[in-house]
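The structure appears right after this line, and notes come after that.
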Amino acid sequence: MPELPEVESVKIGLNQLVLGQEIDRVQVDWPRIIVGDLQTFINRLSGQKIINVDRRGKYLLFILSDWVLISHLRMEGKYLYKTGEDLSDHQNRHVHVTFFMRDGSTLLYHDVRKFGRMQLITPDQLDHYFEAKGLGPEPTVEDFDISVFASKLGKTHRPIKPVLLDQKLVAGIGNIYADEILFRAGIHPNTPCDHLNPDQIKALHQSILEVIHQAVASGGSTIRTYRNSLGQAGKFQQALQVYGKEGQACPRCGSRICKIKLAQRGTHFCPNCQEAKKV
DNA sequence: CTTGCTGTTCGGAA
DNA sequence: GTTCCGAACAGCAA
């Protein structure tokens with residue numbers, strides 16, 4: 001489910017719900033969710049206080065007294081917060097990790113496909129963790145430098161879409177926003193990166209900043225099942241122009257939106273507005 | 001019933 | 001270095 005805007009919305013919701021809560025104990029019903037030793041994970045979380053909830057790319061970061069809990073929601077991970085009296089969803093078969101708080105409330109991790117992952121690291125390992133993954137800059141005006149972006153694009157002949165997805169040139173873009181960004185920039189998803197001219201790179205950089213910013217402001221997109229931790233759907237799906245619009249009229253020129261498979265991912269684009277650049 | 005599709009990431013093989 | 005494929009899973013549509 002979640003790309004950067006959805007994770008950001010989850011982060012904001014969690015900060016309203018669990019800030020200052022102290023974890024009493026943790027129950028894990030699907031051990032594969034946890035990276036590293038399960039018992040160590042459980043032991044270390046007992047007694048930890050939630051100082052803050054942060055985000056880097058699509059990674060959710062629970063800043064605890066002594067540890068950082070890194071949580072990746074992958075396709076369908078969700079957090080549900082329940083007060084002490086509210087036992088709904090405790091028996092839900094898709095709840096795989098339960099955080100029992102000292103005040104009796106609970107934080108449930110719900111993940112239908114069980115693809116999500118959680119890992120504990122120390123605060124001083126945080127920078128190294130993301131550096132080791134090669135995670136690119138946040139798509140913000142402050143962090144996302146166009147000259148660095150242009151330089152890296154010029155070094156690869158790969159099609160632009162999978163490059164946007166691989167998190168290394170810029171963090172947080174997933175399949176939905178990649179298609180929307182390329183449509184707004186008027187660039188065909190199959191265009192080799194080293195064929196993009198300076199105007200196209202400028203348009204692409206600008207589209208990345210704008211689409212992600214607008215999606216964050218809209219609380220993300222709810223395509224099938226996404227909800228933030230307050231149970232709210234996103235609103236940006238109403239602003240989508242090509243994703244999931246196969247066969248519909250392009251909002252700019254009226255051509256029919258195409259859907260192809262590119263790097264094993266469904267890819268939507270307008271064959272007229274995003275014509276492949278001649279090589 | 002079967003097949004193919006889905007918002008992600010990782011690792012192995014060609 | 002790049003690309004393809006499968007794996008990790010469950011549910012839904014055709």
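Side chains are part of it too, since the values below use all heavy atoms of this structure and drop only hydrogens, waters and symmetry mates. So that the names make sense, note that chain A is the first sequence line, chain B the second, and so on, each numbered from 1.
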* Structure fact -> From CZ of Arg113(A) across to P of dA8(C) the rounded distance in Å is 13 Å

* To do: Choose from dC5(B), dT3(C), dC10(B) the nucleotide whose nearest atom is closest to any side-chain atom of Lys261(A).
  => dC5(B)

* How many Å lie between NZ on Lys168(A) and P on dT2(C), as a whole number? -> 11 Å

* Structure fact -> Base-pair string, DNA chain B, Watson-Crick plus G-U, cut-off 3.5 Å on both distances, | for inter-strand, is .|||||.|||||||

* Of the nucleotides dA10(C), dC10(B), dT8(B), which one has an atom closest to the side chain of Val112(A)? -> dA10(C)

* Cationic N near anionic O, under 4.0 Å, Arg256(A) to Glu246(A) -> no

* To do: State whether Phe183(A) and Arg252(A) meet the cation-pi test: NZ (Lys) or CZ (Arg) under 6.0 Å from the six-membered ring centroid, and within 45° of the perpendicular axis.
  => yes

* With rounding to whole Å, what would you report as the distance between dA8(C) and dC1(B) at their P atoms? -> 24 Å

* Ion pair check, Asp194(A) and Arg158(A), cut-off under 4.0 Å -> no

* To do: May I ask you to verify if any side-chain N or O of His72(A) is less than 4.0 angstrom from the OP1 or OP2 atom of dT9(B)?
  => yes

* To do: Can you figure out which of dG11(C), dC10(B), dT3(C) approaches the side chain of Arg93(A) most closely?
  => dG11(C)

* **Separation between the C1' atoms of dT8(B) and dG1(C), rounded to whole Å** => 22 Å

* Side chain of Tyr243(A) - closest among dA8(C), dT9(B), dT6(B) -> dT6(B)

* Closest to the Gln264(A) side chain, choosing from dC5(C), dT9(B), dA10(C) -> dC5(C)

* To do: State whether Lys82(A) and Asp89(A) are salt-bridged, where the test is any N-O pair (Lys NZ or Arg NE/NH1/NH2 against Asp/Glu carboxylate O) under 4.0 Å.
  => yes

* Minimum-distance nucleotide (side-chain atoms of Asn175(A) versus dT6(B), dT8(B), dG11(C)) -> dT8(B)

* Asked: Would you call Glu138(A)-Arg56(A) a salt bridge at under 4.0 Å N-O?
  -> yes

* **Lys/Arg N to Asp/Glu carboxylate O, Glu22(A) vs Lys49(A), below 4.0 Å** => no

